[in-house]
Number of protein chains: 2
Amino acid sequence: MSHQDLQLLSHDCGSCPIRHRAVCARCDADELQQLEQIKYYRSYQAGQTLIWSGDRMDFVASVVTGIATLTQTMEDGRRQMVGLLLPSDFVGRPGRQSAAYDVTAATDLVMCCFRKKPFEELMSKTPHVAQRLLEMTLDELDAAREWMLLLGRKTAREKIASLLSIIARRDASLKLRATKGVVTFDLPLTREEMADYLGLTLETVSRQMSALKRDGVIGLEGKRHVKVADFDRLLEETGDDSDGGFLN
Amino acid sequence: MSHQDLQLLSHDCGSCPIRHRAVCARCDADELQQLEQIKYYRSYQAGQTLIWSGDRMDFVASVVTGIATLTQTMEDGRRQMVGLLLPSDFVGRPGRQSAAYDVTAATDLVMCCFRKKPFEELMSKTPHVAQRLLEMTLDELDAAREWMLLLGRKTAREKIASLLSIIARRDASLKLRATKGVVTFDLPLTREEMADYLGLTLETVSRQMSALKRDGVIGLEGKRHVKVADFDRLLEETGDDSDGGFLN
DNA sequence: CGTTGGGTTGACTTCGCTCAAGTCACGTGG
DNA sequence: CCACGTGACTTGAGCGAAGTCAACCCAACG
């Protein structure tokens, strides 16, 4: 890890863009101050692998800006993405000393890191961090289960449509735009990363992207910029229940 | 829900078989007593669906004995299992009012249920339940990610071998037998349930079971009883890293 | 202006799915 | 006891969706 990667200037938590969504969301002023003590920022460039599976981990972290991926690799090289981390998502597991997955920057990335030991102590002493982490972990588990349905039972076309709608939705939620009318967004993933997400080959991803374009479901400007004229049409292609039953 | 299904006699938590592994594992005497106040047992027969996705849920619960499954179903009937719940596993999500998945008894089943409202209050007032639930949820998330690798990248044969080794391992951990020498166990799932777990059809499951038998990896007595002479051989067939790197 | 990395497309193969028939163990009623 | 139905499972034949291998495009970059 070179020194250029370290940004030692910590921003004030009060002005943090993920303040209200990250592990620290429920913290009071006092807890926040304790977190300030043990936090530091780190930046990575797109493509960089921050953590290798099996590495000793002496910190946990939140994604501040950018996108990271969690992947598992088999000996023969087959790869499966098992997590897509967006701003406010949490990396690392309190109480575990080595990483279980590779963590890679899909885009340029800024992380807010906490030294693990003091973070664990803080967690055991004050309830708000642990409470929030539980919520976030339960959300991730739900997302993982949706993902399992996708991997186990959806066709290639449905997989692509699902991924596009997931990215569109999250993109909208970051930018607070409604998903009505024409939706446009940039793919933060290469075709190969999309394939690793979906349990496909990159050729199949490419073919199905072309097919969705040919059928007028999506428009493509360049390889990465996607235009969705009729979002409901895209949703139909996902195979999911049309009345996207959002529970709580 | 008929009256025969209710077993109103609560056992003492002290003699509970899952006392040291369930959400209540970290509880002190006082917390345990509070839990006793709000708990009740319920039994179900194999095949019964306890909860339908979308149902209002006024309780959360632990599996005491038996096995339950979580499944998702698409409109056209495609099904994917997304959770396999063993004794001590937790069902339901505090803070959510409706179920996200179908929950079905794979075998006869006894659940220790807690009324949701008081359980949530207990969670917010005392730390030990929430702490334990966080641990358990993180474990489930790890399991879900293994499962995603299986669904996305493994061959049918590897999927079957993986499932068999998972069941063998868990069976051993319940019975405290070492996984050395000849391992034998009963499949708690039908071929169709195995298929729903693995993202396959039941025909493919059946064919691959026959193939593993033909190749001497497993022995079958009847349809459900499995005999594994060489467990390492089975592990090779899973496609996983041979040095089953168990982290913590 | 050649190289490189990401992406597309085509030809062919193959693994797992579909559809269909058949086996086996078990229970039930005549 | 036997005939019958039933449900879980097995096996075969044929097919098709996605994988493999290979050629090619194109934009960026040194």
Side-chain angles (χ1 to χ4, degrees), chain A residues 45-48 69 74 76-80 104 106-107 150-164 186-215 218-226 237 239, chain B residues 45-48 69 74 76-80 104 106-107 150-164 186-215 218-226 237 239:
Chain A
Q45 312 162 26
Q48 241 187 311
T69 64
M74 298 169 69
D76 61 5
R78 281 175 282 174
R79 287 161 52 85
Q80 176 63 50
T104 308
T107 65
L150 177 149
L151 290 171
R153 294 302 187 193
K154 289 191 178 179
T155 64
R157 171 179 263 243
E158 288 169 338
K159 285 178 175 182
I160 298 284
S162 300
L163 177 55
L164 294 177
D186 281 307
L187 289 170
L189 304 176
T190 64
R191 297 290 186 264
E192 185 171 19
E193 287 168 328
M194 291 173 67
D196 287 343
Y197 186 110
L198 299 171
L200 297 170
T201 60
L202 64 116
E203 293 95 329
T204 299
V205 170
S206 186
R207 273 187 256 273
Q208 295 297 335
M209 290 288 287
S210 301
L212 288 175
K213 181 182 173 187
R214 178 171 4 93
D215 298 346
I218 60 172
L220 283 175
E221 289 166 4
K223 283 93 166 52
R224 297 294 197 94
H225 194 75
V226 180
E237 297 282 356
Chain B
Q45 314 163 24
Q48 241 187 311
T69 64
M74 298 168 68
D76 61 6
R78 281 176 282 176
R79 286 162 53 86
Q80 177 63 51
T104 308
T107 63
L150 177 149
L151 290 172
R153 295 303 188 193
K154 288 190 177 179
T155 64
R157 171 180 264 244
E158 288 170 340
K159 286 177 173 183
I160 298 285
S162 299
L163 176 57
L164 293 178
D186 282 306
L187 289 171
L189 304 177
T190 64
R191 297 290 186 264
E192 184 170 21
E193 287 167 328
M194 293 173 67
D196 287 342
Y197 185 110
L198 299 169
L200 298 170
T201 58
L202 64 129
E203 292 95 329
T204 299
V205 170
S206 184
R207 273 187 256 274
Q208 294 298 335
M209 290 287 289
S210 300
L212 287 175
K213 180 183 175 187
R214 178 170 3 93
D215 298 347
I218 61 171
L220 283 175
E221 290 166 2
K223 284 92 169 50
R224 297 293 197 92
H225 193 75
V226 180
E237 297 282 357

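Here the structure is a predicted model, which is why all the values come from computation and not from measurement. Residue numbers begin at 1 in each chain, while the letters A, B, ... track the order of the sequences.
With hydrogens and angles ignored, the 3.5 Å screen pairs no side-chain donor or acceptor of A:Glu221 with any backbone N or O of A:Val226. A donor-acceptor pair under 3.5 Å is absent between the side-chain atoms of A:Gln48 and the main chain of A:Thr104, judged by distance alone.
Atom CD1 of B:Ile160 sits about 11.5 Å away from atom OH of B:Tyr197, to the nearest 0.5 Å.
Counting 5' to 3', DNA chain C first comes under 4.0 angstrom of a heavy atom of chain B and last does so at the ends given by C:dG16 to C:dC19.
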In the 5'-to-3' direction, what one-character label does each nucleotide of nucleotides 12-30 of chain D receive under the scheme B = base within less than 4.0 Å of a protein heavy atom, S = sugar-phosphate only, - = no such atom?
BB----SSBB---------
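Computed from coordinates, the B:Met209 CE to D:dT11 P distance equals 11 Å when rounded to whole Å. The distance between atom CG of B:Leu212 and atom C1' of D:dT10, rounded to the nearest whole Å, is 15 Å.
Within the 4.0 angstrom heavy-atom criterion, only backbone atoms of the sugar-phosphate kind lie near A:Arg224; the bases stay farther away. Nucleic acid contact class of B:Ser210 (heavy atoms, under 4.0 Å, all strands): sugar-phosphate only. As judged by a 4.0 angstrom heavy-atom cut-off over every strand, A:Thr190 is placed among residues touching the sugar-phosphate backbone only.
Contact record, B:Leu151 with B:Gly199: CD2-N, 3.8 Å, taken as the closest heavy-atom pair.
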Check step by step if side-chain contact (heavy atoms from CB on, under 4.5 Å) holds for B:Arg224 and B:Thr190.
CA-CA 8 Å; B:Arg224 297 293 197 92; B:Thr190 64; 3.3 Å; yes
Take B:Glu158 and B:Arg153, measure what side-chain contact (heavy atoms from CB on, under 4.5 Å) needs, and give me the verdict at the end.
CA-CA 9 Å; B:Glu158 288 170 340; B:Arg153 295 303 188 193; over 6 Å; no
With side-chain contact (heavy atoms from CB on, under 4.5 Å) as the criterion, how do B:Leu187 and B:Leu164 come out once you've worked through the C-alpha distance, each side chain's angles and the decisive distance to 0.1 Å?
CA-CA 8 Å; B:Leu187 289 171; B:Leu164 293 178; 3.7 Å; yes
Which side-chain N or O atoms in residues 203-212 of chain A pair as donor and acceptor under 3.5 Å with protein atoms at least two apart or in another chain?
unit_1: A:Thr204; atom_1: OG1; unit_2: A:Thr201; atom_2: OG1; d: 3.0
unit_1: A:Ser210; atom_1: OG; unit_2: A:Ser206; atom_2: O; d: 3.0

